[in-house]
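Lettering follows sequence order; numbering is per chain, from 1. What's counted below: heavy atoms across the whole structure, side chains too, no hydrogens, waters or symmetry copies.
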Protein chains: 2
Amino acid sequence: MADINVSQPPHANAADPDPAAAGAAVPRPQTDLIELLFFAYRNFVSDPDKVLQGFGFGRAHHRVLHFVNRHPGMRVTDLLDILRITKQSLGRVLRELVDGGFVDSRAGSSDRRQRLLYLTPKGATLARDFVAIQSQRIERALAACSPGAREDVRRFLVAMIDPEDQAAAEKLIARADQAALSGGQRPGKAPARPR
Amino acid sequence: MADINVSQPPHANAADPDPAAAGAAVPRPQTDLIELLFFAYRNFVSDPDKVLQGFGFGRAHHRVLHFVNRHPGMRVTDLLDILRITKQSLGRVLRELVDGGFVDSRAGSSDRRQRLLYLTPKGATLARDFVAIQSQRIERALAACSPGAREDVRRFLVAMIDPEDQAAAEKLIARADQAALSGGQRPGKAPARPR
DNA sequence: GAAAAAAGTCAACATGGCTGACATAAATGT
DNA sequence: ACATTTATGTCAGCCATGTTGACTTTTTTC
């Protein structure tokens, strides 16, 4: 498993008056967090990646599955706003997901230009698997922290978002949670996952 | 600026007996953090992206600049272990960085098969710019949190890494900090680039 | 009835991953 | 001394996913 391991050559340390090393890392305050974010995020997305490979899908498909799962009946435009990619890019993965029977796209009833996006049961299962996998990693990480850490982490992540988008992001999350709770789909079918 | 804004169509809520929407978003515990990580990380890497565009470079170049800056004199193999990409992928961006005068690659003195990587002053300036930009975002985010949050966030990020890599990642960060402190280069001095 | 909006599509291109096959130089082991 | 291994580099091609630009169809809105 390819250890992250730099064999610092002896002459690169204090003894060498090496000028080419000049201007190198002044240990700026946040360097540790910068690198940890890189390593952590890489591992974080690698979990779904492994599963996706089995379907011939990639990260782009994961994102679509996730957000359609969270916002059933959303418009294509809404998805484009969230993902911030072009409709051509989205079109490709969306077509593959529809062809594969993971996503269902139906014309809106009030506005029939719209294609409203839903997951099929197959797609929903996959999307829930991904949430489960990544939640597991997050839960494990939080378990290694002090009890109040979750709120700190949450606030930190919100504040890492561009300020002008923070409110929208929080609202988006809240609305999806709300919709899911209020039986966004089929009042009879138990969401079965309280908490 | 493309508000993240899903217009939840009315019929997507309780009224629609839609079977395709079945099994949709159960509000799993960590969904908020999953999505926040996505939004936060996207913005986090977008800062350097903008600067890199001006040089015709991409994210891959950023990573190389960053880690060579942090570990002056590192071997190509070390960089491959950190980035976990193939040498062919690295080779491309490395060549461009050397050609552009951002990275300097010199044969090792003890083992002359090795190419030891250093940043030129030009490269070091760019690398430091990136650290500054991203540190600024992190500092702003931390300022929005409780005082003890930094330690929580740090521990959280470490724990988000694959367990078998956590120690190596922390060691890597510590070693780079250490090397920088022990005068790999004199602080504050913009050294000429001899040799 | 004209204009705007929602969605889709074709074509071409860029970036940055990947595999496989080799080539070269230098160090190491026998 | 020679064989092997290691460190690096390189060519060629493929894949996933992003981009621009141009254009169409359908439907809604003014």
Exercise for the section: Please check if the side chain of Thr120(B) supplies one atom and the backbone of Gly123(B) the other of a donor-acceptor pair under 3.5 Å. Expected result: yes
Exercise for the section: Starting at atom CZ of Arg115(A), determine the distance to atom P of dG8(C), rounded to an integer number of angstrom. Expected result: 6 Å
Problem - Glu170(B) side chain reached by Ile161(B) side chain, heavy atoms, under 4.5 Å - result: no
Fill in the blank from the handout: Protein-proximity profile, nucleotides 24-30 of chain C, B/S/- by nucleotide at the 4.0 Å heavy-atom cutoff, equals --BS---
Handout entry: Nearest-angstrom distance from the residue atom CG of Leu83(B) to P of dT15(C)
Key = 19 Å
Exercise for the section: To the nearest 0.5 Å, tell me how far Asp32(A) CG sits from Ile173(B) CD1. Expected result: 6.0 Å
Practice task
Give the B/S/- string for nucleotides 17-25 of chain D, one per nucleotide from 5' to 3', where a protein heavy atom under 4.0 Å of the base yields B, of only the sugar-phosphate yields S, and otherwise -.
Solution key: BBBBBB---
Practice task
Grab the CG-C1' distance between Asp81(B) and dA7(D) for me, whole Å please.
Solution key: 12 Å
Practice task
Say whether, by atom type as modelled, one donor and one acceptor occur between the side chain of Ser46(B) and the main chain of Asn43(B) under 3.5 angstrom.
Solution key: yes
Problem - Value in whole Å for how far the P atom of dG9(D) lies from CG of Leu94(B) - result: 7 Å
Problem - Length of the CG-C1' vector between Leu116(A) and dA7(C), whole Å - result: 12 Å
Handout entry: Distance, rounded to the nearest Å, where Leu79(B) contributes CG and dG9(D) contributes P
Key = 11 Å
Exercise for the section: To the nearest Å, give me how far apart CG (Leu80(A)) and P (dA5(C)) are. Expected result: 16 Å
Problem - Test: Arg75(A) and Asp81(A) ion pair at under 4.0 Å - result: no
Fill in the blank from the handout: When rounded to whole Å, the CZ to P distance for the pair Arg95(A) and dA16(D) reads 13 Å
Fill in the blank from the handout: Sorted by chain and residue number, the salt bridge (Lys or Arg N to Asp or Glu O under 4.0 Å) partners of Asp47(A) (sequence neighbours excluded) come out as Lys50(A), Arg137(A)
Exercise for the section: Examine dA7(D): is either OP1 or OP2 under 4.0 Å from a nitrogen or oxygen in the side chain of Arg75(B)? Give yes or no. Expected result: yes
Handout entry: Basic-acidic side-chain contact under 4.0 Å: Asp165(A), Lys171(A)
Key = no
Practice task
Under the side-chain hydrogen bond (donor to acceptor under 3.5 Å, both in side chains) rule, what do Asp152(B) and Ser146(A) come out as? Steps first, then yes or no, please.
Solution key: CA-CA 7 Å; Asp152(B) 276 339; Ser146(A) 49; 2.6 Å; yes
Problem - Chi angles and distances behind the salt bridge (Lys or Arg N to Asp or Glu O under 4.0 Å) call for Arg140(A), Asp162(B) - result: CA-CA 10 Å; Arg140(A) 195 204 60 207; Asp162(B) 285 349; 5.4 Å; no
